[in-house]
Protein chains: 2
Amino acid sequence: MTLGQKIRELRERNQMLQRELASKLEVGDGYLSKIERDQKIIKREHLKTLSTIFKCPLKELEALWIATKVYDIIKYEETGLEALRVAEEQIKYNKTYAKV
Amino acid sequence: MTLGQKIRELRERNQMLQRELASKLEVGDGYLSKIERDQKIIKREHLKTLSTIFKCPLKELEALWIATKVYDIIKYEETGLEALRVAEEQIKYNKTYAKV
DNA sequence: ATTGACTTGACTTAATTCGGTCAAATATAG
DNA sequence: CTATATTTGACCGAATTAAGTCAAGTCAAT
């Protein structure tokens, strides 16, 4: 599940048109279309609005938002999955020995 | 292990000064210092040079390079680890149903 | 206290990404 | 065929990041 898919799902479940949701977010509908197709990534602040409109936990949207950014980096990389594991190691290591 | 740590390790194992390695890479030594401390991220092409100089597999350096980029995104995120898992899911999904 | 190796902070310029818009093209439904 | 919804490509200015440099500062050993 990508962020775009999630947004589309939420919108459709609420029988809302792209035009309607776009106007609530104060963006053009062409832009929203791209967001739902993960061709563009939404501004982070918009997540709050989405969370309110659809009564969806903000944390969940944020995790998807970050994941999309990460995915954009590794999607064309052969060593993508390995890199993910290394990054995970790094974050775990740094949690343990966090420099205050 | 971060990319910076790796580079330092390789350099020291070869008893090379920052100044020497920097000149091989054709950058200033102040810059190399930052790279070894992961304050800056090296240009991707430099990895080839490093791989040649130190006889170190390019793939390994590349995985570290990508991991550092990913880590930069998630390091301050509460949901960082969860986001990694979501991204992993996305890449796996997309490998399976890859649109040619 | 001088040297040599390294670190740091402030700065710069060029390139890239962000956050969109708009009009034309394409489904889809009636 | 017409209307409505969505998608796409080209484009845009603003903001951010990349890729460094340089000089001053630190730190250890002599």
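Lettering follows sequence order; numbering is per chain, from 1.
With a 6.0 Å radius and a threshold of 12 heavy atoms from other residues, nucleotides or ligands, A:Lys75 has its NZ atom above the threshold. In A:Gln15, the CD atom is not crowded: 12 or fewer heavy atoms of neighbouring residues, nucleotides or ligands sit closer than 6.0 Å.
Here D:dC27 presents its P atom at 20 Å from CG of B:Leu17, a figure rounded to the nearest Å. Atom P of nucleotide C:dC6 and atom CD of B:Gln15 are separated by 13 Å, given to the nearest angstrom. Atom pair B:Arg37:CZ and C:dC6:P shows a separation of 11 Å (rounding to whole Å applied). Distance CZ (A:Arg44) to P (D:dT16): 15 Å, rounded to an integer number of Å. Counting to the nearest Å, the P atom of D:dG20 and the CD atom of B:Gln39 are 16 Å from each other. Summarising the geometry, the separation between CD1 on A:Ile41 and P on D:dA15 is reported as 20 Å, rounded to the nearest angstrom. If you take CG of B:Leu3 and C1' of D:dA19, they are 15 Å apart, rounded to a whole angstrom. One atom, CH2 of A:Trp65, and another, C1' of C:dG19, lie 12 Å apart when rounded to the nearest Å.
In plain terms, the two heavy atoms of B:Ile74 and B:Gly80 that are nearest each other are CB-CA, 4.0 Å.
Contact annotation: the side chain of A:Phe54 approaches that of A:Met16 to within less than 4.5 Å [non-hydrogen atoms, C-beta and beyond].
Contact annotation: A:Arg19 side-chain N/O to D:dT4 OP1/OP2 distance is not under 4.0 Å. The phosphate of D:dA18 (OP1 or OP2) has no side-chain N or O of B:His46 nearer than 4.0 angstrom. Contact annotation: B:Gln18 side-chain N/O to C:dG4 OP1/OP2 distance is not under 4.0 Å.
Contact annotation for B:Arg11: backbone-only contact, meaning every heavy-atom pair under 4.0 Å involves sugar-phosphate atoms and none involves a base. Counting any heavy atom pair closer than 4.0 Å across all strands shown, A:Arg8 reaches sugar-phosphate atoms only and no base atom.
Contact check of residues 69-79 of chain B against DNA chain D (heavy atom, cut-off under 4.0 Å) returns B:Lys69. Within residues 23-35 of chain B, the residues having any heavy atom closer than 4.0 Å to DNA chain D are, in order of number, B:Val27, B:Gly28, B:Tyr31, B:Lys34.
Evaluated for a side-chain contact (heavy atoms from CB on, under 4.5 Å) with A:Leu50, the options A:Leu10, A:Leu3, A:Ile42 yield exactly one hit, A:Ile42.
In summary, B:Glu20 and B:Lys24 do not engage in a salt bridge, as defined by a charged side-chain N under 4.0 Å from a carboxylate O. Classification of A:Glu77 and B:Arg44 as a salt-bridged pair holds, one side-chain N sitting under 4.0 Å from a carboxylate O. Between A:Lys59 and B:Glu78, at least one side-chain N (NZ, or NE/NH1/NH2) sits under 4.0 Å from a carboxylate O, which counts as a salt bridge.
On a pure distance criterion of 3.5 Å, a polar donor-acceptor pair joins the side chain of A:Lys40 and the base of C:dG20.
There is a path of hydrophobic side-chain contacts, each under 4.5 Å, that joins B:Leu84 to A:Met1.
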